[in-house]
Amino acid sequence: MKRLFPDYTYGPGPRTNCWWDETIASPDWPVLNGEQKVDVAIVGGGFTGLSAALHLANACVSVAVLEARTPGWGASGRNGGFCCLGGSKLSYSAMVRQFGEAAAHSYDQAEMDAVHLVADLLKTNAIDADVHSQGETQLAHTPRAMERLRKRAEATGTLHAPDDLPGLGFGGRFYGGYTNPVGFALNPRKYLFGLAQMTQTLGAKLFQNSAVQTIRKTQSGFDLEAASGRISAANVLICTNGYSSEDVPPWLAGRYMPVQSTVLVTRPLSDADLQAQGWTSDQMSYDTRHLLHYFRLMPDRRFLFGMRGGLRASPQAEAAIRRKALNDFRQMFPEWASVDVTHMWSGMVCLSRGLMPFVGPVTDQPGMFAGFAYHGNGVAMGTYCGRALARMVLQQETGLPEPITRVPARFPLGRWRRALMPPAYAMMGLLDL
């Protein structure tokens, strides 16, 4: 496997001390051994892969999911748990200029459909994932950012003046906000393992510690080689997102950009703690920075706080970004500066050059499809794209908006494209002033 970051990124270091691991035990999937044959092999056992597997198994298709590490090890088991609109980093106006008004509207509808799909899966499969929050609230970090929120506000949402925020339980140095009613927060690991359980009940085979090393085209489909076994399948779905490899398959090379996100969780906060900071809302929230912070008070009264910004991967770099996250948390919520932060970890989200998700066939590989690049909003969009991949295999109408089906262009610089990120982050930092 040829991955962009050093081996440290794909080892236990960044994931150490992830809070979600303590909330639900990991299922014990077997390791792939020997030879097996299925209709569809899925590379990656996160939201995308398990959503695809669930929808395929529900259609009586034989499925094998190959997870490189243990269940929930990747981004799906260590993200912030925001099931919300997102998936693209293009503004609506930019999308209109690039794709047209109808396509932009169709994409917006897809984002809402993605959130509703997760809600339906939770309800239909009786998955208890600690759901809370009525939509999400964006909080302005400067007066100028608030003016932008006012200009972009839609009638379906609610604008909040600065004086409104204390009464809503949003205590902090914010200059107003806007609440979108679509979305909710959840425990991502409980959701993921709920999907896994339903998928296995329908007969799908789930394998852990079975990293796919090569995929070879055959007359009847594909052979996928792992360290201790092989799967033959008519179709293959690539669902590896920010933990992709440049050569599994080679078509992926240059089409994705992994970006680090870091999350911390505090001890449970007392009523006195909450009143001191003035934060009593369980609304999932984020600020208006380009290098955004995202945060929420969870049902157990722990506070979750996350941010973008990590650029390197090593023990020293991980320690530095954790210090940065802790410092930003204490600056934004000064009354909690002495509150114990009990858990902190990092993971990789995934960007595309066009800042859009992608779902579609892999060029020159009939029967192979890929879905990736959710730009930090994989709970909803990954689930949605997984269902779309299943529909492609079943030759059903996908309902995908045209922008998601555009094949992503490759980033410049090939294997060295990470060099693009420091100047991009520096520019975003200046815009956030």
Side-chain angles (χ1 to χ4, degrees), residues 14-15 17-26 45-48 50-51 71-87 111 114-123 125 127-139 179-180 182-196 241-242 259-269 279 281-287 292-308 325 329 341-350 374-386:
R15 203 183 191 292
N17 205 27
C18 178
W19 164 241
W20 305 125
D21 292 353
E22 299 187 22
T23 65
I24 183 173
S26 177
F47 296 133
T48 308
L50 287 180
S51 174
W73 182 88
S76 296
R78 60 171 110 174
N79 64 86
F82 283 51
C83 182
C84 56
L85 302 180
E111 288 196 344
V115 173
H116 297 321
L117 174 60
V118 176
D120 289 344
L121 288 171
L122 289 167
K123 181 178 180 180
N125 298 300
I127 300 172
D128 182 2
D130 304 332
V131 170
H132 63 99
S133 184
Q134 302 297 315
E136 63 175 342
T137 299
Q138 188 174 21
L139 296 167
T179 294
N180 187 309
V182 180
F184 52 89
L186 48 61
N187 179 320
R189 188 171 164 95
K190 289 184 177 181
Y191 169 51
L192 183 71
F193 291 171
L195 289 181
N241 205 38
V259 177
Q260 186 173 324
S261 192
T262 301
V263 186
L264 64 81
V265 167
T266 70
R267 63 159 170 80
L269 299 172
W279 190 283
S281 174
D282 67 354
Q283 189 80 349
M284 62 179 183
S285 307
Y286 64 107
D287 65 16
L292 60 84
H293 301 94
Y294 50 95
F295 35 92
R296 60 188 176 99
L297 184 64
M298 297 190 289
D300 63 0
R301 315 325 282 166
R302 293 176 183 269
F303 197 78
L304 179 148
F305 178 91
M307 59 172 286
R308 306 284 191 259
F329 165 69
V341 170
T342 58
H343 298 78
M344 198 179 309
W345 66 96
S346 298
M348 307 302 289
V349 301
C350 184
Y374 312 129
H375 301 89
N377 287 284
V379 177
M381 190 53 68
T383 303
Y384 175 84
C385 291

### Message
A side-chain contact here means heavy atoms from C-beta on lying under 4.5 Å apart; do Pro268 and Asp300 qualify?
### Response
no
### Message
Under a 3.5 Å cutoff, is there a donor and acceptor pairing between the side chains of Arg308 and Ser261?
### Response
yes
### Message
Would you say that Thr23 contacts Asp130 through its side chain, given a criterion of any heavy-atom pair below 4.5 Å between the two side chains?
### Response
no
## Note on the structure
Here the pair of heavy atoms bringing Ser51 nearest to Thr383 is OG-O, 2.7 Å
### Message
Is there a side-chain contact between Arg189 and Cys18 in this structure, where contact means two heavy atoms from C-beta onward sitting under 4.5 Å apart?
### Response
no
#### Entry: Considering all heavy atoms, the nearest Asn241-Cys350 contact
OD1-CB, 3.3 Å
#### Entry: N/O donor-acceptor pair under 3.5 Å between Gln138 side chain and Tyr286 backbone
no
### Summary
Rounded to the nearest 0.5 Å, the SG atom of Cys83 sits from the CG atom of Leu121 at a distance of 10.0 Å
### Summary
Residues Ser76 and Phe47: closest non-hydrogen pair is OG-N, 2.9 Å
### Task
Kindly give the heavy-atom pair with the smallest separation between Arg302 and Thr266, and that separation in Å.
NH1-O, 3.1 Å
### Message
Any side-chain to backbone donor/acceptor pair from Ser133 onto Met284? Under 3.5 Å, distance only.
### Response
yes
### Task
Compare every heavy atom of Gln260 with every heavy atom of Ser346, then report the nearest pair and how far apart it is.
OG-NE2, 3.4 Å
### Query
Should Asp128 and Lys190 count as an ion pair when the cut-off is N to O under 4.0 Å?
no
### Query
Can you tell me how far the OG atom of Ser285 sits from the NE2 atom of His293, to the nearest 0.5 Å?
13.5 Å
### Message
Between Tyr191 and Val131, is there a side-chain heavy-atom distance shorter than 4.5 Å?
### Response
no
### Query
Step by step, would you call Val115 with Leu85 a side chain to side chain contact (heavy atoms under 4.5 Å, CB included)?
CA-CA 7 Å; Val115 173; Leu85 302 180; 4.3 Å; yes
### Message
A side-chain contact here means heavy atoms from C-beta on lying under 4.5 Å apart; do Tyr294 and Leu304 qualify?
### Response
yes
#### Entry: pair Phe82-Arg296: side-chain heavy atoms closer than 4.5 Å
yes
#### Entry: Asn17 side, atom CG; Arg78 side, atom CZ - distance, nearest 0.5 Å
12.5 Å
### Message
Quick one, Tyr374 and Val379 - any side-chain contact, counting heavy atoms below 4.5 Å?
### Response
no
### Query
Under 6.0 Å between the ring centres of Phe329 and Phe295?
no
### Query
Do other residues, nucleotides or ligands put more than 12 heavy atoms under 6.0 Å from the CD atom of Gln134?
no
### Task
State the CH2-CG distance between Trp73 and Leu192, to the nearest 0.5 angstrom.
14.0 Å
### Message
Can you confirm whether Met298 sits close enough to Val265 that some side-chain heavy atom of one is under 4.5 Å from a side-chain heavy atom of the other?
### Response
yes
### Query
After noting the C-alpha distance and the side-chain angles of Ser281 and Leu297, does the key distance pass the side chain to side chain contact (heavy atoms under 4.5 Å, CB included) rule?
CA-CA 7 Å; Ser281 174; Leu297 184 64; over 6 Å; no
## Note on the structure
When every non-hydrogen atom of Val118 is compared with those of Ala380, the smallest separation belongs to CG2-CA, 3.8 Å
### NE2-CG distance between His343 and Leu264, expressed to the nearest 0.5 angstrom
11.5 Å
### Query
Atom CD in Glu22, atom OG1 in Thr342: separation rounded to 0.5 Å?
7.5 Å
### Query
Checking side chain to side chain contact (heavy atoms under 4.5 Å, CB included) against Val263, which of Phe305, Trp20, Trp345 comes through?
Trp345
### Message
For Asp21 and Arg15: C-alpha separation, side-chain torsions, deciding distance, then whether side chain to side chain contact (heavy atoms under 4.5 Å, CB included) applies.
### Response
CA-CA 10 Å; Asp21 292 353; Arg15 203 183 191 292; 2.5 Å; yes
